[in-house]
Visitor: 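Okay, here's the structure, questions in a sec.
Whatever order the structure lists them in is the order used to number ligands and atoms, beginning at 1. As a basis for the values below, the full set of heavy atoms in this structure was taken, side chains included, without hydrogen atoms, waters or symmetry mates. Computed from a predicted model, the values in this text were never measured in an experiment.
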Amino acid sequence: MRLTQVNWNGRITAAIVEDGLVRPIPEHNTIELITRAEREGVDLAALAASHAITHPNELAPLIPIHPREAWACGCTYETSAAFRDAEHGTREGFYAYVYREERPESFFKGTARVCVGPNQPIGIRYDSKFTAPEPELAVVLGAGGKVLGYTLANDVSAWDIERENPLYLPQSKIYNGCLALGPVIVTPDELTDPYNLDITCIITRNGKTLFSGEVNTSKLHRRIETLVQYVVRANNVPSGSVLCTGTGIIVKEEHALAPGDIVTISVPQIGMLSNPAEIVH
Ligand code: DO4
Ligand code: MG
């Protein structure tokens with residue numbers, strides 16, 4: 001099943017997506033749907049199916065979930081660790097260490113406040129000269145870290161701020177418009193193999209392709225359940241949170257985001273997440 005949120009009678013409402021049309025689930029946003037499924041001990045997709053209206057509508061997908069918390073893992077693809085080490089001036093192998101060791105890198109990425117959905121602007125901090133998109137597979141977490149579904153994420157990052165000093169990581173990662181999510185959440189019964197997804201990313205500027213990159217999730221160096229286990233370890237991450245699994249596509253400095261650029265991330269089994277970039281203060 002594919003779930004999103006739409007504006008239905010003036011309320012953000014969860015909806016099932018079928019053949020490009022949506023069937024809203026009245027009185028529930030995605031968090032409310034997840035909370036109810038857990039409270040009643042029923043399957044999320046079954047609950048959605050039994051409460052969705054029957055008539056399909058043509059409504060634009062919004063952010064598929066306003067996550068209670070957003071978390072992210074890093075250096076989960078060799079390309080990400082190698083790029084960061086190559087660029088980093090101070091500690092050689094700093095990122096390779098995390099790539100290699102049992103404990104993965106994880107960090108807080110924010111709350112719904114910093115998240116945007118399809119076609120909404122992603123942020124370039126006004127004090128960053130090298131902000132890059134990070135196209136990632138993300139999982140939606142239920143109680144105890146259960147994977148309820150998959151979506152696309154853009155872990156937009158001010159790499160120049162991170163590169164200056166590792167202690168600046170939170171400032172490079174958390175700010176207005178730093179995380180795009182969407183366009184849908186695909187439940188695990190429909191997306192059975194998250195380790196064979198082609199992720200592509202295109203940046204266009206003035207209608208021309210500035211950058212294009214791709215990676216297959218088979219290059220993800222960790223099991224998703226391992227990433228989840230570390231993030232929820234001694235940490236009661238609430239149901240309805242999101243975890244980004246890291247980038248395998250690296251955008252270099254010559255393609256740093258500028259205002260007006262459009263970033264489009266695609267995975268055929270999930271869809272297309274497109275966002276314009278803008279300066280944020
Ligand atoms: O340590 C830096 C963050 C890495 C990251 O976000 C990624 O690899 O996706
Ligand atoms: Mg990332």
Visitor: Just jot down the ligand 1 atoms closer than 4.0 angstrom to any heavy atom of S80, in number order.
Guide: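 Listed by number with element: 7 (C), 8 (O).
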
Visitor: Which of the atoms in ligand 1, numbered in the order shown and given with their element, are less than 4.0 Å from a heavy-atom of G246?
Guide: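 Here the atoms of ligand 1 in question are 9 (O).
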
Visitor: Check whether Y99 forms a cation-pi arrangement with R84 (NZ or CZ under 6.0 Å from the six-membered ring centre, at most 45° off the ring normal).
Guide: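 No, R84 does not lie over the aromatic ring of Y99.
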
Visitor: With a cut-off of 4.0 Å, which atoms of ligand 1 are near a heavy atom of F107?
Guide: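 Every atom of ligand 1 under 4.0 Å from some heavy atom of F107: 3 (C), 6 (O).
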
Visitor: For G74, take its heavy atoms, then give the atoms of ligand 1 lying under 4.0 Å from any of them.
Guide: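 What qualifies from ligand 1 is 4 (C), 5 (C), 7 (C), 8 (O).
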
Visitor: Answer yes or no: is there an ion pair linking E40 with R36, defined by an N-O contact shorter than 4.0 Å?
Guide: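 So E40 pairs with R36 through a salt bridge.
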
Visitor: Before giving the answer on side-chain hydrogen bond (donor to acceptor under 3.5 Å, both in side chains), spell out for E136 and T247 the whole-Å C-alpha distance, their side-chain angles and the decisive distance to 0.1 Å.
Guide: CA-CA 5 Å; E136 307 188 6; T247 187; 4.8 Å; no

Visitor: Give the atoms of ligand 1, by number and element, whose distance to some non-hydrogen atom of K173 is under 4.0 Å.
Guide: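 With K173 as reference, the close atoms of ligand 1 come out as 3 (C), 5 (C), 6 (O).
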
Visitor: Can you measure from CG (L47) to CD1 (I25) and round to the nearest 0.5 angstrom?
Guide: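 Spacing of CG (L47) from CD1 (I25) equals 7.5 Å.
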
Visitor: Check this for me: does any side-chain nitrogen of one of E254 and K252 sit under 4.0 Å from a carboxylate oxygen of the other?
Guide: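 Looking at E254 and K252, the cut-off is not met.
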
Visitor: Evaluate the side-chain contact (heavy atoms from CB on, under 4.5 Å) criterion for residues K173 and F108: first the C-alpha distance (whole Å), next the side-chain angles of each, then the deciding distance (0.1 Å), finally the verdict.
Guide: CA-CA 8 Å; K173 290 291 187 183; F108 188 60; over 6 Å; no

Visitor: Using a 4.0 Å cutoff against the non-hydrogen atoms of E136, which atoms of ligand 1 qualify?
Guide: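 Here the atoms of ligand 1 in question are 9 (O).
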
Visitor: Which is the closest N/O/S atom of D155 when seen from the Mg ion (ligand 2)?
Guide: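 Considering only N, O and S atoms, D155 comes nearest to the Mg ion (ligand 2) through OD2.
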
Visitor: Using ring centroids (six-membered ring only for Trp), state whether Y230 and W71 fall under 6.0 Å.
Guide: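 For W71 and Y230, the ring centres are not under 6.0 Å apart.
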
Visitor: Taking the Mg ion (ligand 2) as the vertex, measure the angle between atom OE2 in E136 and atom OE1 in E134; round to 10°.
Guide: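 OE2 of E136 and OE1 of E134 make an angle of 100° at the Mg ion (ligand 2), to the nearest 10°.
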
Visitor: Below 3.5 angstrom, do we get any N/O pair linking T247 and ligand 1?
Guide: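 In this structure, T247 places an N or O atom under 3.5 Å from an N or O of ligand 1.
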
Visitor: Mind checking whether C75 has an N or O less than 3.5 Å away from an N or O of ligand 1?
Guide: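 Right, the criterion is met.
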
Visitor: Say whether A72 and ligand 1 are in contact under the criterion: heavy-atom distance to a ligand atom below 4.0 Å.
Guide: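 Distance cut 4.0 Å: A72 fails for ligand 1.
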
Visitor: Within ligand 1, which atoms have a heavy atom of E162 less than 4.0 Å away?
Guide: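 Contacts of ligand 1 toward E162, numbered from 1: 1 (O), 2 (C).
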
Visitor: How far is atom 4 (C) of ligand 1 from the closest protein heavy atom, and which atom is that?
Guide: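 Protein heavy atom at minimum distance: R84 CZ, 3.4 Å.
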
Visitor: Mark up the atoms of ligand 1 that fall under 4.0 Å of a heavy atom belonging to D155, in ascending order.
Guide: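 Answer for ligand 1: 6 (O).
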
Visitor: Identify whether the distance between the nearest side-chain nitrogen and carboxylate oxygen of E32 and R39 falls below 4.0 Å.
Guide: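 So E32 does not pair with R39 through a salt bridge.
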
Visitor: Of the non-hydrogen atoms in N196 and Q269, which two are nearest, and what is the gap between them?
Guide: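 Closest pair (atom of N196, atom of Q269, distance): O-NE2, 4.0 Å.
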
Visitor: Give me the residue, atom name and distance of the protein heavy atom closest to atom 5 (C) of ligand 1.
Guide: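 Its nearest protein heavy-atom neighbour is E134 OE1, 3.3 Å.
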
Visitor: With no hydrogens and no angle check, just 3.5 Å: does a side-chain donor-acceptor pair link H66 and Q5?
Guide: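 Short answer, yes.
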
Visitor: For atom 1 (O) of ligand 1, what is the closest protein heavy atom, and at what distance to 0.1 Å?
Guide: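 For this ligand atom, the closest protein heavy atom is E105 OE2, 2.7 Å.
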
